Asker: 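This is the structure I have questions about; it appears just below.
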Amino acid sequence: MGISCRQFTSLTAVALCFTINSANAQGTVKIGALLPMTGPQQANGVQISAGIRLYMEQHGNTAAGKNIQLIVKDDGGVADNSKRLAQDLIVNEKVDFMVGFGLTPAALAVAPLATEAKIPEVVMGAGTSIITERSPYVVRTSFTLAQSCVIMADWALKNGIKKVVSIVADYAPGIDSEKFFKESFLKGGGQIPEFIRTPLANPDFAPFLQRARDAKPDAVFVFVPAGLQTVLVRQFLERGLDKAGIRIIGPGDVTDDDVLNRMGDQMIGTVTAHIYSAAHPSKLNKEYVTAFEKANSMRPNFMSVGGYDGMHLIYEALKKTDGKTDGEALIAAMKGTAWESPRGPISIDPETRDIIQNVYMRKVEKVNGELYNVEFATFEAVKDPGKINE
Ligand code: DHB
């Protein structure tokens, strides 16, 4: 409508605003996306929004007879902004879904508002286990760090990597990565002489990499979010840790499809565990990558499929509720939904509302002149280890 309710002050205007919103409620489903479209982690926002838009282009902007309206708000990766913008989406825009969440602090900040407003919060990017436990209205189509880190630890132990230095960004998903890798790796007899946590803002990794090198490990285990992997890898290579025989391992965020091809051939042979590779060899993924690249002139990464699959989950839930937007009914409809994603088969755990998906072991290889994460082993239907046996 162009004018927000907040801009109306007189009583008549309030009444008019109410009328417009109830008209919306009948014919239009509003989806408010909160994403870091600017700031250091903007790549997550760009990838997730591109995934959302591709889904809408391919499947049309109607579901169960309702028009689907997308409103994207840029939180700049700052959780206080996410919270303020979520309040605006709820109160003024009267959205039916809040989606996006390229970073954990944003997803956590909005969860109490989702509970209060009884609006589904579809987490398409953030990866800390606890997020889904913060509100019964949270559903996740991204991943948890724990899913990949446990499998990475087992692979390392079976493949001659016994001593590892852990380097993680000092915020929730970094702490989760460290915790789940550590538990499995130590249990299997590995050693971790150093646990290093690096700042999120403008980190200089050089002193941390020097500390890692001095410990003479077989590998460094790494998790840093979007925007920082290239810096860390460049400093790792510049300081010659690869030449000293130290490998990089970790969840696949470090060899993210978004930036891998610019990291250089020294990355060839790097093994990571992750939930999506642009090189995933299914027919559906080949079509996804072709359509995504055509629309965006860039390669899709794991964040993009979180956006794409999140929209699928919303469309399917609306079909099940006959277009009704009652939050509780939508969440009930989402539980147990299973489908094929470009990443492989996925489903929403009816117990936890978290995603169940395959985790793949991948190795960086050159394919047709470009670097890709080529999958070589599959662990099927992995539940979030952060919730099992708690
Ligand atoms: C999160 C952010 C990332 O960039 C990533 O690769 C994984 C997780 C997060 O904040 O949850």
Side-chain angles (χ1 to χ4, degrees), residues 34-51 75-82 99-111 121-134 138-149 152 167-181 197-201 203 221-233 248-260 263 272-278 299-307 310 343 354-355 357 359 362 373 384 386:
L34 294 157
L35 288 166
M37 301 304 295
T38 53
Q41 277 78 47
Q42 63 153 350
N44 291 355
V46 171
Q47 285 277 351
I48 293 168
S49 62
D75 66 17
V78 177
D80 281 348
N81 293 345
S82 320
V99 307
F101 309 99
L103 294 166
T104 290
L108 293 176
V110 172
E121 170 177 336
V122 182
V123 176
M124 299 169 160
T128 304
S129 287
I130 193 86
I131 294 170
T132 45
E133 291 172 42
R134 288 291 171 89
V138 171
V139 179
R140 175 157 33 206
T141 56
S142 47
F143 53 87
T144 70
L145 274 315
Q147 283 177 319
S148 296
C149 290
M152 185 71 244
I167 304 178
V168 300
D170 192 6
Y171 81 124
I175 312 294
D176 260 14
S177 300
E178 178 193 277
K179 172 180 171 215
F180 288 97
F181 179 79
R197 294 181 181 178
T198 59
L200 250 192
F221 166 83
V222 170
F223 168 79
V224 289
L228 299 182
Q229 331 92 320
T230 36
V231 187
L232 187 143
V233 166
I248 292 177
I249 57 169
D253 308 66
V254 66
T255 56
D256 181 349
D257 273 302
D258 203 36
V259 290
L260 173 63
M263 284 180 167
T272 54
H274 216 208
I275 53 102
Y276 177 71
S277 165
R299 195 190 286 184
N301 77 352
F302 63 106
M303 290 280 169
S304 80
V305 289
R343 64 187 114 172
D354 218 331
I355 187 164
Q357 60 192 327
V359 173
R362 315 97 47 82
N373 295 291
D384 176 28

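Predicted model only: the values in this text are computed from it and were never measured. As the structure lists them, so they are numbered: ligands from 1, and atoms in each ligand from 1. These values consider heavy atoms only, across backbone and side chains, with no hydrogens, waters or symmetry-generated copies.
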Asker: With a 4.5 Å cut-off on side-chain heavy atoms, are P225 and L200 touching?
Answerer: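 Answer yes - side chains close enough.
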
Asker: Looking at N301, is its backbone amide N or carbonyl O close enough to the side chain of D257 to form a donor-acceptor pair, meaning the two atoms are under 3.5 Å apart?
Answerer: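 Side chain of D257 to backbone of N301, a donor-acceptor pair under 3.5 Å: no, none is there.
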
Asker: Going by the order shown, which atoms of ligand 1 are within less than 4.0 Å of some heavy atom of A126?
Answerer: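 Close to A126: 11 (O).
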
Asker: Relative to each other, are the rings of F302 and H274 parallel, tilted or perpendicular (30° and 60° limits)?
Answerer: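 F302 and H274: perpendicular rings.
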
Asker: Is there a nitrogen or oxygen of A226 sitting under 3.5 Å from a nitrogen or oxygen of ligand 1?
Answerer: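 Yes, since at least one N or O of A226 sits under 3.5 Å from an N or O of ligand 1.
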
Asker: I'd like to know if R134 pairs up with E121 as an ion pair, taking the criterion as any Lys NZ or Arg NE/NH1/NH2 lying under 4.0 Å from an Asp or Glu carboxylate oxygen.
Answerer: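 Salt bridge: no.
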
Asker: Heavy-atom pairs closer than 4.0 Å: do any link ligand 1 to the side chain of Q41, the backbone, both, or neither?
Answerer: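 No part of Q41 comes within reach of ligand 1.
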
Asker: Counting each atom of ligand 1 from 1 as listed, which ones have a heavy atom of F302 under 4.0 Å away?
Answerer: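 Near F302, meaning under 4.0 Å from one of its heavy atoms, ligand 1 has 6 (O).
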
Asker: Looking at G306, is its backbone amide N or carbonyl O close enough to the side chain of T141 to form a donor-acceptor pair, meaning the two atoms are under 3.5 Å apart?
Answerer: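 Side chain of T141 to backbone of G306, a donor-acceptor pair under 3.5 Å: yes, one is there.
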
Asker: Starting from atom 11 (O) of ligand 1, which protein heavy atom do you reach first, and at what distance in Å?
Answerer: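 Its nearest protein heavy-atom neighbour is T104 OG1, 2.5 Å.
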
Asker: Could you tell me which atoms of ligand 1, counted from 1 in the order shown, lie closer than 4.0 angstrom to a heavy atom of N44?
Answerer: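 Reading through ligand 1 atom by atom, the close ones are 2 (C), 3 (C), 4 (O).
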
Asker: Under a 4.5 Å cut-off applied to non-hydrogen side-chain atoms, are F101 and S82 in contact?
Answerer: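 Of all side-chain heavy-atom pairs linking S82 with F101, none is under 4.5 Å.
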
Asker: For ligand 1, which atoms have a heavy atom of L103 less than 4.0 angstrom away?
Answerer: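 With L103 as reference, the close atoms of ligand 1 come out as 2 (C), 9 (C), 10 (O).
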
Asker: Could you check whether any side-chain heavy atom of D170 comes within less than 4.5 Å of a side-chain heavy atom of I175, counting everything from C-beta outward?
Answerer: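 In contact.
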
Asker: Does F101 approach ligand 1 within less than 4.0 angstrom via side chain, backbone, both or neither, non-hydrogen atoms only?
Answerer: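 Answer for F101: neither.
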
Asker: Report the nearest protein non-hydrogen atom to atom 6 (O) of ligand 1: residue, atom name, distance rounded to 0.1 Å.
Answerer: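 Here the closest protein heavy atom is D253 OD2, 2.5 Å.
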
Asker: Less than 4.5 Å apart, any side-chain heavy atom of D384 and any of T132?
Answerer: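 Side chain of D384 against side chain of T132, heavy atoms only: no contact under 4.5 Å found.
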
Asker: Would you mind running through ligand 1 and noting each atom that sits below 4.0 Å from a heavy atom of F223?
Answerer: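 Contacts of ligand 1 toward F223, numbered from 1: 5 (C), 6 (O), 7 (C), 8 (C).
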
Asker: Would you say the side chain of F223 lies within less than 4.5 Å of the side chain of C149, judging by non-hydrogen atoms?
Answerer: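 No, every pair of side-chain atoms sits at 4.5 Å or beyond.
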
Asker: Polar-atom distance check: G127 versus ligand 1, any N or O pair below 3.5 Å?
Answerer: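 Among all N and O atoms of G127, at least one is under 3.5 Å from an N or O of ligand 1.
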
Asker: Give me the nearest non-hydrogen protein atom to atom 2 (C) of ligand 1 as residue plus atom name, then the distance to 0.1 Å.
Answerer: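 Going atom by atom, the protein heavy atom closest to atom 2 (C) of ligand 1 ends up being Y171 OH, 3.4 Å.
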
Asker: Heavy-atom contacts under 4.0 Å between P173 and ligand 1: side chain, backbone, both, or neither?
Answerer: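 Side chain only; the backbone of P173 stays clear of ligand 1.
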
